[in-house]
There are 2 protein chains.
Amino acid sequence: MTRQAFCRRQVLQCTDAPPKLLITSDYFLQSVMPGLPEDQIVGSVLDAIAEQRLPAGTKLGEQALSDLFGCNRANVRRALATLAAQHVVELRPNRGAYVMTPSPREARNVFQARRAIERTIAREAAGRSTPEDIAFLRRNITEEAQAKATGDKPGELRASRDFHLRLARIAGNDVLERFLSELTMRSTLILGLYSPQGSSCCAEDEHARIVDALERADSEALVSLTTSHLEHLEAGLNFDDKPRAKLTLEDQLAPWRDPSQAV
Amino acid sequence: MTRQAFCRRQVLQCTDAPPKLLITSDYFLQSVMPGLPEDQIVGSVLDAIAEQRLPAGTKLGEQALSDLFGCNRANVRRALATLAAQHVVELRPNRGAYVMTPSPREARNVFQARRAIERTIAREAAGRSTPEDIAFLRRNITEEAQAKATGDKPGELRASRDFHLRLARIAGNDVLERFLSELTMRSTLILGLYSPQGSSCCAEDEHARIVDALERADSEALVSLTTSHLEHLEAGLNFDDKPRAKLTLEDQLAPWRDPSQAV
DNA sequence: TCATCATAAATTGTTAACAATCTGTGATGA
DNA sequence: TCATCACAGATTGTTAACAATTTATGATGA
C-alpha cells in the first residue's frame with residue numbers, strides 16, 4: 001500500500017469516530033455559568049491538553065469547535081488567538097490551528113523556566129501556607145497515588161498539575177501563577193512526546209516531602225526539593241527517539257505531521 | 001535607512017497627525033512585509049505601550065484601530081484577544097478594550113516575577129555573550145544616556161527595554177525571553193503610573209556594570225547586579241499617591257478612568 | 001507502478017449587515 | 001439645583017454569505 005493511500009485510510013478512521021476532538025463541551029456549565037463562549041473554549045481546550053486527551057499536533061478545526069460549543073466561528077477564532085498567545089496552540093495561516101508540538105530545545109527551555117519560577121514560588125510559599133493548604137496538598141497526593149494505581153493517567157496528570165499550581169497560589173503571586181499554569185500545560189505536551197510510555201509524571205514521595213517542608217516553613221529545603229523534583233522530571237525525558245504521540249501509531253501517519261514543521 | 005530608523009520617522013510623522021491614538025500604523029511595513037494584519041496591530045500597540053505613548057487606561061476602540069490599520073474589525077478583535085492574553089490590555093465585555101492599569105499589588109508581583117526570571121537569565125547569559133553582544137549593549141547604554149540627556153523619554157524607555165531583552169536573547173531561552181518581554185511591557189505601564197515624574201527608568205551605570213560583569217563572564221556578579229538593579233527600580237516606585245498618568249491632566253479628566261475600575 | 005496534473009470538496013479568511021448594549025445628552029419634575 | 005428618565009448616537013457582539021486558499025480525490029500518461 002502506498003504511503004498516500006495509507007494516509008487516506010487513517011484519515012477515514014479518524015474522522016468517522018464520532019467525537020473527533022476529545023474535548024468535552026459541558027452543556028450544563030455552558031448554559032448556567034456566565035462565562036463568555038470563548039472562555040469556555042479556551043478552558044476546555046486547556047483542560048483537554050492538561051490531561052493529554054489532546055495530543056500534540058491535533059488539528060483544531062474551526063467548524064468542529066463551533067459545532068461542539070454551539071457558537072459562531074468568530075468566537076472560535078478569538079479563542080484560538082488566545083490559545084496561540086499562550087504558545088499552547090500553533091496558528092498556521094490558511095491552514096488552521098494545531099496543538100503545539102514542542103521541540104527538544106523548547107522542552108529544555110520550558111523546564112529551565114519552570115525551575116526559575118518554581119524556585120521563587122517555593123521561597124515565597126514557605127511560611128504562607130494555611131492548614132487548609134496543607135490538607136489540600138496531602139489529599140492531592142493520595143488522589144494522585146490512587147489515579148496512578150488505577151491507571152487513570154488523566155487523573156494523575158491533573159492531580160500533579162493541581163499540586164504545583166496550588167503551591168503557586170500559596171505563594172500569592174498571580175503573575176507567577178499564570179506563567180506556571182502555561183508552563184505546566186506545555187510540560188504535559190512535552191511529557192506526551194518525550195517521556196517513556198509508562199513513566200509517571202511525578203514521583204509521589206517527592207511531593208510528600210515538599211509538603212513536609214512547607215508545613216515546617218523550611219524555605220531552604222522547599223527550594224532545593226522543588227528544584228531537584230523538576231530536575232528529576234526533566235531527566236526522565238528521552239529526546240533520542242523521534243517524538244511520538246500517545247499511541248505510537250496514529251501520529252506517525254497523521255497527514256499534518258509533515259517534516260517541514262520540525263523546528 | 002534602517003528599519004528601526006524608518007519606524008521612528010514614521011512615529012513623528014504620525015503623531016502630529018489627527019489620529020487620537022498614538023499608534024503608528026506603518027504603511028510601508030504593512031504593504032511590504034509579509035506580516036498578518038493582526039500581528040501589525042499587536043506589534044504597534046506593544047511598541048506604543050513600551051514607549052509610554054499609550055498610557056494605562058486608554059481605550060482601544062475597534063473602529064479607531066481598524067481605520068488606523070486599514071483592516072476589518074475581525075482582525076482587530078483577534079489582535080485585542082492576543083493582547084488581552086498577555087495582560088497588557090483589559091477586555092471588558094460590551095465595553096471595549098483598555099490598556100491595562102496595574103494595581104500596586106500587581107506591580108509588586110510583576111517585579112518579583114522579573115527578579116525570578118532575570119536572575120536565571122543573568123546566570124545563563126554569563127559566558128554566552130559574543131563580542132557583538134557586548135558591542136550592542138555598550139552602544140545601547142550610550143543611546144539611553146543620549147535619550148535621557150535630550151529628554152527623549154520614549155527613546156530612553158525603548159533603550160532600557162532593549163537592554164534587558166538583549167540579555168534574555170543572550171541567555172538563549174525563548175520562553176524566558178517572551179515572559180520578560182511581557183513583564184517589561186507591564187513594567188512600563190507601572191512606571192508610568194507610580195514613578196515620580198522626572199525619574200529615569202534605569203540608572204545607567206548599573207547597566208554599564210552589568211555589561212562589565214557579562215564581559216568578564218562573572219556569573220555571580222551578574223546575578224547580584226541584576227537583582228539589585230531590579231530592586232532599585234522597584235524601590236523608586238511610589239504607591240502612596242493615587243495612580244496618575246503621564247501628563248497629570250488629560251488623565252484626571254478622561255471619562256474612562258472611573259473609580260470602579262480600581263482593583 | 002509512479003508521478004503529475006486538474007478538479008471537487010472542505011477549510012480558512014474577509015466582509016458587511018444587523019442586533020444588542022452602552023454612553024452621552026437634554027428634558028422633566030421635585 | 002439636583003436626580004431621574006427617555007432617547008439618540010456610538011460602540012460592541014453576532015450572524016451569514018462570499019472569496020481565497022488548501023486539501024483530498026481521481027484521471028492521465030510515462
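Numbers restart at 1 for each chain; the letters A, B, ... are given by sequence-line order, proteins then strands. Computed over heavy atoms, backbone and side chain alike; hydrogens, waters and symmetry mates excluded. Here the structure is a predicted model, which means the values were calculated and not measured.
Protein atom CD of A/Gln63 is 12 Å distant from nucleotide atom P of D/dA16, rounded to whole Å. Spacing between atom CG of A/Leu60 and atom C1' of C/dA10 amounts to 17 Å, rounded to whole angstrom units. In this structure, A/Asn94 atom CG and C/dT12 atom C1' are separated by 6 Å, rounded to whole Å. Between A/Arg95 atom CZ and D/dT23 atom C1' the separation is 10 Å, expressed in whole Å. Distance, A/Ile41 CD1 to D/dT14 P: 11 Å, rounded to whole Å.
Ring geometry, B/Phe179 versus A/Phe179: the interplanar angle falls under 30°, so the pair is classed parallel (tilted spans 30 to 60°).
Comparing B/Pro93 and A/Pro93 along DNA chain D, the residue whose closest nucleotide (by nearest heavy atom) sits nearer the 5' end is B/Pro93.
Among the nucleotides C/dT11, C/dG13, D/dG13, the one closest to any side-chain atom of A/Lys59 is C/dT11. Of the candidates D/dG13, D/dT23, C/dC22, D/dG13 carries the atom nearest the B/Glu62 side chain, counting heavy atoms from C-beta on.
In this structure, the side-chain contact (heavy atoms from CB on, under 4.5 Å) partners of A/Ala74, at least two apart in sequence or on a different chain, are A/Asn72. Considering only residues two or more places apart in sequence or on other chains, A/Glu234 meets the side-chain hydrogen bond (donor to acceptor under 3.5 Å, both in side chains) condition with A/Arg115. Contacts of B/Arg105 classified as side-chain hydrogen bond (donor to acceptor under 3.5 Å, both in side chains), with partners at least two apart in sequence or in another chain: none. By the ring pair (Phe, Tyr, Trp, His ring centres under 6.0 Å) test, A/Phe136 pairs with no residue at all, sequence neighbours left out. For A/Arg166, the salt bridge (charged side-chain N to carboxylate O under 4.0 Å, His left out) partners at least two apart in sequence or on another chain are A/Asp133.
For the helix from C/dT1-D/dA30 to C/dA30-D/dT1, the angle separating the two terminal helix axes comes to 10°, with each axis derived from five pairs and the value rounded to 10°.
Evaluation of the salt bridge (Lys or Arg N to Asp or Glu O under 4.0 Å) test over residues 184-195 of chain A, restricted to residues two or more places apart or in two chains, returns A/Glu106-A/Arg186, A/Glu182-A/Arg186. The stretch residues 40-66 of chain B participates, sequence neighbours left out, in no ring pair (Phe, Tyr, Trp, His ring centres under 6.0 Å) pair at all.
Contacts between residues 72-85 of chain A and DNA chain C, counted as heavy-atom distances below 4.0 Å, involve A/Arg73, A/Arg77.
One finds the CD atom of B/Glu38 at 12.5 Å from the CZ atom of B/Phe69 (value rounded to the nearest 0.5 Å).
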